[in-house]
A.B. asks: 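The structure that follows is given in the form of C-alpha cells.
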Amino acid sequence: MPKLSDAVRSGKLVGNLQAHDCPSRDILKHVTGRWAVLTLIALQGQTIRFTALKRLIGGVSDRMLTQTLQTLEADGFVHREDFKVVPPHVEYSLTPMGENVAQHVRVLADWIEENTGEILAVRGSIAAE
C-alpha cells in the first residue's frame, strides 16, 4: 500500500494537516515559523539582498535567516539569484507561489498586530487572578 506522502506528491490526494504522516505538516511548519512569516512579509513585492533583508526583519541571526531562506527556497517560495561577482552578490525574492502564501500569512500577522492590545489585556487579567 502506498504511503500517504507518496499519494500527496503524486497529485492523487490533497494535503491533510490532521493526518500525522502528511507532508503538508512540514510545509505548515516551514511557513508559520516566526522567522518564515517575517521573511515572507519582508520579501513581498520586492527583491532584496541578504543584509538588507536581515535589517528589515530585525533580531534574526545570520544563521537563522540563512536556514529560513534555504527552507523557503526548497519549498518553492523563495527565489535566490547568485550573481557570480566579487564581492558576492545574492538577491532574494518571492516566487509566484511565495507571493501567494505571503498574502495569507500577512493576514494573520495583520490580525495579531491589530489585536495585540486586547491579547495583552487578557494576559494581564489572567496573570492577576
Side-chain angles (χ1 to χ4, degrees):
M1 176 166 212
K3 289 182 166 180
L4 176 62
S5 58
D6 294 334
V8 172
R9 281 187 193 96
S10 72
K12 294 178 183 172
L13 188 66
V14 296
N16 178 359
L17 290 171
Q18 300 302 329
H20 172 66
D21 59 346
C22 185
S24 62
R25 283 194 178 190
D26 282 335
I27 298 165
L28 177 69
K29 181 174 65 174
H30 297 166
V31 169
T32 59
R34 170 182 36 175
W35 301 121
V37 168
L38 297 173
T39 300
L40 289 165
I41 290 170
L43 285 171
Q44 267 187 303
Q46 66 177 332
T47 299
I48 192 167
R49 293 179 71 173
F50 183 90
T51 305
L53 181 59
K54 184 178 180 225
R55 246 189 333 266
L56 191 60
I57 294 171
V60 65
S61 68
D62 286 354
R63 181 172 180 254
M64 280 309 304
L65 183 55
T66 298
Q67 286 178 347
T68 299
L69 287 165
Q70 287 172 343
T71 299
L72 293 173
E73 182 182 13
D75 285 343
F77 299 125
V78 168
H79 172 73
R80 178 183 189 271
E81 185 154 0
D82 186 359
F83 298 90
K84 303 292 183 193
V85 294
V86 177
H89 181 112
V90 179
E91 293 181 343
Y92 297 91
S93 60
L94 294 178
T95 63
M97 190 167 52
E99 288 287 352
N100 191 335
V101 75
Q103 289 175 3
H104 293 285
V105 297
R106 166 139 341 245
V107 170
L108 175 60
D110 288 347
W111 184 91
I112 291 168
E113 288 179 342
E114 292 167 9
N115 291 279
T116 296
E118 184 178 345
I119 295 165
L120 292 177
V122 170
R123 268 193 207 167
S125 68
I126 292 172
E129 291 178 1

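Being a predicted model, the structure only gives us computed values, none of them experimental. Sequential numbering from 1 along the given sequence is applied to the chain's residues.
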A.B. asks: Got a donor-acceptor contact below 3.5 angstrom from the Arg25 side chain to the Leu17 backbone?
C.D. replies: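 At least one qualifying donor-acceptor pair exists.
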A.B. asks: Could you tell me which non-hydrogen atom of Ser125 sits nearest to which non-hydrogen atom of Val122, and how far apart they are?
C.D. replies: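 Between these two residues, the closest heavy atoms are OG-O, 2.8 Å.
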A.B. asks: Establish whether Met64 and Val90 are linked, either directly or via other cluster members, by ILVMFWY side-chain heavy-atom contacts under 4.5 Å.
C.D. replies: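 Yes: a chain of side-chain contacts under 4.5 Å links Met64 to Val90.
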A.B. asks: Roughly how far, to the nearest 0.5 Å, is CG of Asp110 from CD1 of Ile41?
C.D. replies: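 Answer for the CD1-CG pair, Ile41 versus Asp110, is 7.0 Å.
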A.B. asks: Please round to the nearest 0.5 Å and tell me the distance separating atom OG of Ser93 and atom CD of Glu99.
C.D. replies: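 Between Ser93 OG and Glu99 CD, I get 8.0 Å after rounding to 0.5 Å.
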A.B. asks: With sequence neighbours excluded, what pairs up with His30 under the ring-ring contact (aromatic ring centres under 6.0 Å, His included) test?
C.D. replies: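 Counting only residues at least two positions away or on another chain, His30 forms no ring-ring contact (aromatic ring centres under 6.0 Å, His included).
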A.B. asks: Just wondering, do Thr39 and Tyr92 contact through their side chains at under 4.5 Å, heavy atoms?
C.D. replies: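 SC-SC contact between Tyr92 and Thr39 ruled out.
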A.B. asks: Is it the case that the side chain of Gln44 and the backbone of Leu40 share a donor-acceptor pair, with hydrogens and angles ignored and the cut-off at 3.5 Å?
C.D. replies: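 Between the backbone of Leu40 and the side chain of Gln44 there is no qualifying donor-acceptor contact (under 3.5 Å).
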A.B. asks: Given Val60 and Leu38, is the side chain to side chain contact (heavy atoms under 4.5 Å, CB included) satisfied, shown in steps?
C.D. replies: CA-CA 10 Å; Val60 65; Leu38 297 173; over 6 Å; no
A.B. asks: Locate the shortest heavy-atom distance separating Gly15 from Cys22; write the atom from each residue and the value.
C.D. replies: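 Closest pair (atom of Gly15, atom of Cys22, distance): CA-SG, 3.7 Å.
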A.B. asks: First locate atom NZ of Lys54, then atom OG1 of Thr66, and finally report the distance between them rounded to the nearest 0.5 Å.
C.D. replies: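 Rounded to the nearest 0.5 Å, the NZ-OG1 separation comes out at 9.5 Å.
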A.B. asks: Would you kindly confirm whether Ile112 and Val105 end up in one hydrophobic cluster when ILVMFWY residues are joined by side chain heavy atoms under 4.5 Å apart?
C.D. replies: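 No, because Ile112 and Val105 fall into different hydrophobic clusters, even though each may have its own neighbours under 4.5 Å.
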A.B. asks: Using 0.5 Å steps for rounding, measure from the CD atom of Gln46 to the CD atom of Glu91.
C.D. replies: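 Here the interatomic distance stands at 11.0 Å.
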A.B. asks: Evaluate Asp26 against Lys29 for side chain to side chain contact (heavy atoms under 4.5 Å, CB included), listing each step before the verdict.
C.D. replies: CA-CA 5 Å; Asp26 282 335; Lys29 181 174 65 174; 3.9 Å; yes
A.B. asks: Find the distance between OG1 (Thr68) and CG (Leu53) and round it off to the nearest 0.5 Å.
C.D. replies: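 Thr68 atom OG1 to Leu53 atom CG measures 9.5 Å (nearest 0.5 Å).
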A.B. asks: Does the pair Phe77 and Thr71 meet the rule for a side chain to side chain contact (heavy atoms under 4.5 Å, CB included), with working shown?
C.D. replies: CA-CA 9 Å; Phe77 299 125; Thr71 299; over 6 Å; no
A.B. asks: Do Leu28 and Leu72 belong to the same hydrophobic cluster, where Ile, Leu, Val, Met, Phe, Trp and Tyr are linked whenever their side-chain heavy atoms lie under 4.5 Å apart, directly or via other members?
C.D. replies: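 No, Leu28 does not connect to Leu72 through the hydrophobic network.
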A.B. asks: Thr32 versus Leu108: any side-chain heavy-atom pair under 4.5 Å?
C.D. replies: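 Contact flag for Thr32/Leu108 side chains = no.
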A.B. asks: So Leu94 and Val78, side chain to side chain contact (heavy atoms under 4.5 Å, CB included) or not? Walk me through it.
C.D. replies: CA-CA 5 Å; Leu94 294 178; Val78 168; 4.1 Å; yes
A.B. asks: Measuring from Leu65:CG to Phe50:CZ, what's the distance to the nearest 0.5 Å?
C.D. replies: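 The distance works out to 4.0 Å.
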